[in-house]
Participant: 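Mind having a look at this structure? Questions to follow.
Counting begins at 1 with the first residue of the sequence. What you see below is based on every heavy atom in this structure, not just the backbone, and it leaves out hydrogens, waters and symmetry mates. Worth saying up front: this structure is predicted, and the values here are computed from it rather than measured.
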Amino acid sequence: MRLPASWTVRGATMDRMRLRGTAWVTAGMLLAVAIGCTGGGGEGAAEPPRTSARATSELPRTTPAPTPADPVSLPALMQRKLTGSGLRLGAVLDRTSAYTRYAVTYEANGLTISGIMNIPEGKGPFPALVLAHGYIDPDVYFSGQGMPREQDRLARSGYVVLHTDYRNHARSDDDPGNDVGLRLGYTEDVIGAALALRDSGRPEIDGDRIGLFGRSMGGGVVYNALVVAPGLFDAAVVYAPVSARPEENIDHFQRPEGDPLVAEIEEEHGTPEENPAFWRAVSPLTYVDRVTEPLLIQHGTADDTCPPRWSRQVAAAFEKAGKDVDLRTHAGEGHTFGPKWPASMDLTEAFFARHLR
């Protein structure tokens, strides 16, 4: 995996090298982008010993700002000590010849988050994938909803699949301020899921090989996780993602519908014209230089829910920063992917195989 050769909490310095089979991860933590698409120490004489995030259930704080950051911002998540632990398997929901499906819960920064987990049959440990689903109204959402095809196929391909429900969904704890806070809590939930996998001690799970996979709104969550917690995951894939600029998501999805939440958000944080610093601090594009993981973006050219230009903008920003990004477009495919979904999953599996196997 990735071994941080050195990093300083207050210097934002991080020299990293890749080393397969080694167990250190460094990170920070994240935010959640937006709205809309369905799916889905002090100095001293001696340096203190480094603590491995892969050996603990906490993510060390990195890159804090000189002054406290706005609580609703990516820098605030980078400064915060994020935690994930207590992965518990509950009822068996289904058994197939290839895997067993469980109801699960885990702890993320003091909240209990529910989800489902598919564990392959056979001898592990297996690499794991955290799945981040797209927007679904929490009032109608049920546990594991949003990416059923991906859950099934990836488990049949030998991955432990943990699909997080996010806070305020299904059996997860409530977070009343999450919507006005631009749903940054979803990013905490995804990071917490990875830390809980590493902390689980379960023989089926290889805590040193973890990927991240999000679609639609979950794609925005993935972008946030990559900038907040560099090195936590080994690779990431997004499908039909939302914009990496939260204000674009608001204008595209919520404002046209007359969503009253827009007024609450702008009352609390100001508009982009009134408070541009705030809106820069909630966009992962502002911090793309922090990303260390390879990223695969897949988008249909006929997507009329999340415009393909959003993915082109992200890919261009990653390329300009010298990051490992691959944008694949699928002619004629819409937001949910139809005839070309199997081929898109072939690309996804080949990508994860290169980086997790």
Side-chain angles (χ1 to χ4, degrees), residues 28-40 63 69-70 72-78 132-135 166 181-191 212-230 232-233 235-255 262 265 269 271-272 275-300 303-329 335:
M29 209 325 247
L30 150 67
L31 98 6
V33 78
I35 328 284
C37 306
T38 57
T63 321
D70 186 315
V72 179
S73 69
L74 290 173
L77 289 175
M78 296 169 193
H133 65 80
Y135 179 80
Y166 304 138
L182 299 181
R183 300 174 183 164
L184 295 188
Y186 296 164
T187 301
E188 297 184 60
D189 300 337
V190 163
I191 291 174
L212 180 57
F213 186 11
R215 61 162 284 107
S216 196
M217 181 190 72
V221 175
V222 169
Y223 294 154
N224 296 334
L226 295 182
V227 303
V228 171
L232 179 60
F233 296 94
V237 175
V238 295
Y239 270 64
V242 295
S243 174
R245 294 184 173 91
E247 65 271 27
E248 287 188 336
N249 292 305
I250 290 174
D251 289 343
H252 187 77
F253 297 112
Q254 292 177 283
R255 201 181 301 278
V262 175
I265 291 171
H269 306 297
T271 67
N275 191 2
F278 169 82
W279 292 96
R280 285 195 300 271
V282 293
S283 170
L285 293 181
T286 305
Y287 309 100
V288 70
D289 62 301
R290 291 172 50 86
V291 174
T292 57
E293 292 75 21
L295 171 67
L296 171 64
I297 305 172
Q298 302 208 54
H299 215 130
D303 190 337
D304 57 4
T305 301
C306 292
R309 71 175 183 275
W310 289 348
S311 286
R312 292 195 296 268
Q313 291 167 354
V314 169
F318 271 61
E319 289 172 352
K320 183 177 180 181
K323 304 304 176 181
D324 185 350
V325 62
D326 184 5
L327 171 61
R328 299 294 185 96
T329 57
H335 187 61

Participant: What is the distance from atom CG of Leu182 to atom CD of Glu247, rounded to the nearest 0.5 Å?
Facilitator: 9.5 Å
Participant: What residues, two or more places apart in sequence or in another chain, satisfy side chain to side chain contact (heavy atoms under 4.5 Å, CB included) together with Ala321?
Facilitator: Val288, Lys323
Participant: Does Asp251 have any salt bridge (charged side-chain N to carboxylate O under 4.0 Å, His left out) partners at least two apart in sequence or in another chain, and if so, which?
Facilitator: Arg255
Participant: Using the side chain to side chain contact (heavy atoms under 4.5 Å, CB included) criterion, which residues pair with Glu248? Sequence neighbours excluded.
Facilitator: Ser243, Arg245, Trp310, Gln313
Participant: Kindly write out the residues that satisfy ring-ring contact (aromatic ring centres under 6.0 Å, His included) with Phe278, not counting sequence neighbours, or none if the list is empty.
Facilitator: His269
Participant: For a quick test of reading the model, state the closest non-hydrogen atom pair linking Ala76 to Ala69 and the distance between them.
Facilitator: N-CB, 3.7 Å
Participant: Kindly indicate, with the supporting measurements, whether the criterion side chain to side chain contact (heavy atoms under 4.5 Å, CB included) is fulfilled by Cys306 and His299.
Facilitator: CA-CA 9 Å; Cys306 292; His299 215 130; 4.1 Å; yes
Participant: Without swapping roles, check the side chain of Thr286 against the backbone of Arg280 for a donor-acceptor pair under 3.5 Å.
Facilitator: yes
Participant: Find the distance between CD1 (Ile265) and OG1 (Thr271) and round it off to the nearest 0.5 Å.
Facilitator: 12.5 Å
Participant: Does any donor atom in the side chain of Thr305 or His335 lie under 3.5 Å from an acceptor atom in the other side chain?
Facilitator: no
Participant: Would you indicate whether the side-chain heavy atoms of Val190 and Phe233 approach each other to under 4.5 Å?
Facilitator: yes
Participant: Can you find a heavy atom in the side chain of Phe253 that is under 4.5 Å from one in the side chain of Ile250?
Facilitator: no
Participant: Could you report the tightest heavy-atom contact between Gln298 and Leu296, atom names first, then the distance?
Facilitator: NE2-CD2, 3.7 Å
Participant: Counting N and O atoms only, with roles assigned by atom type, does the side chain of Asp70 sit under 3.5 Å from a partner on the main chain of Ser73, one being a donor and the other an acceptor?
Facilitator: no
Participant: Can you check side chain to side chain contact (heavy atoms under 4.5 Å, CB included) on Val238 and Arg215, steps first, answer last?
Facilitator: CA-CA 5 Å; Val238 295; Arg215 61 162 284 107; over 6 Å; no
Participant: With sequence neighbours excluded, tell me which residues meet ring-ring contact (aromatic ring centres under 6.0 Å, His included) with Phe213.
Facilitator: Tyr239
Participant: Under the side chain to side chain contact (heavy atoms under 4.5 Å, CB included) rule, collect the residues that match up with Ala317, sequence neighbours excluded.
Facilitator: Leu285
Participant: Using the side chain to side chain donor-acceptor pair (under 3.5 Å) criterion, which residues pair with Asp326? Sequence neighbours excluded.
Facilitator: Arg328
Participant: Is there a side-chain contact between Tyr135 and Asn249 in this structure, where contact means two heavy atoms from C-beta onward sitting under 4.5 Å apart?
Facilitator: no
Participant: Could you tell me whether a side-chain N or O of Tyr166 sits under 3.5 Å from a main-chain N or O of His133, the two making a donor and an acceptor?
Facilitator: yes
Participant: Which heavy atom in Val262 sits nearest to a heavy atom in Gln254, and how many Å separate them?
Facilitator: CG2-CB, 3.6 Å
Participant: When you compare the side chain of Ile297 with that of Pro241, does any pair of heavy atoms fall below 4.5 Å?
Facilitator: yes
Participant: Please report the interatomic distance CG(Leu74) to OH(Tyr287), rounded to the nearest 0.5 Å.
Facilitator: 6.0 Å
Participant: Write down the atom of Leu212, the atom of Ala225, and the distance for their closest heavy-atom approach.
Facilitator: CD2-CB, 3.9 Å
Participant: If every non-hydrogen atom of Ala229 is compared with every non-hydrogen atom of Ile191, which pair is closest and at what distance?
Facilitator: CB-CD1, 3.8 Å
Participant: If you look at every heavy atom in Val222 and Ala236, which pair is closest and at what distance?
Facilitator: CG1-CB, 3.8 Å
Participant: If you apply the rule side chain to side chain contact (heavy atoms under 4.5 Å, CB included), what do you find for Leu226 with Leu295, and how did you get there?
Facilitator: CA-CA 9 Å; Leu226 295 182; Leu295 171 67; 4.3 Å; yes
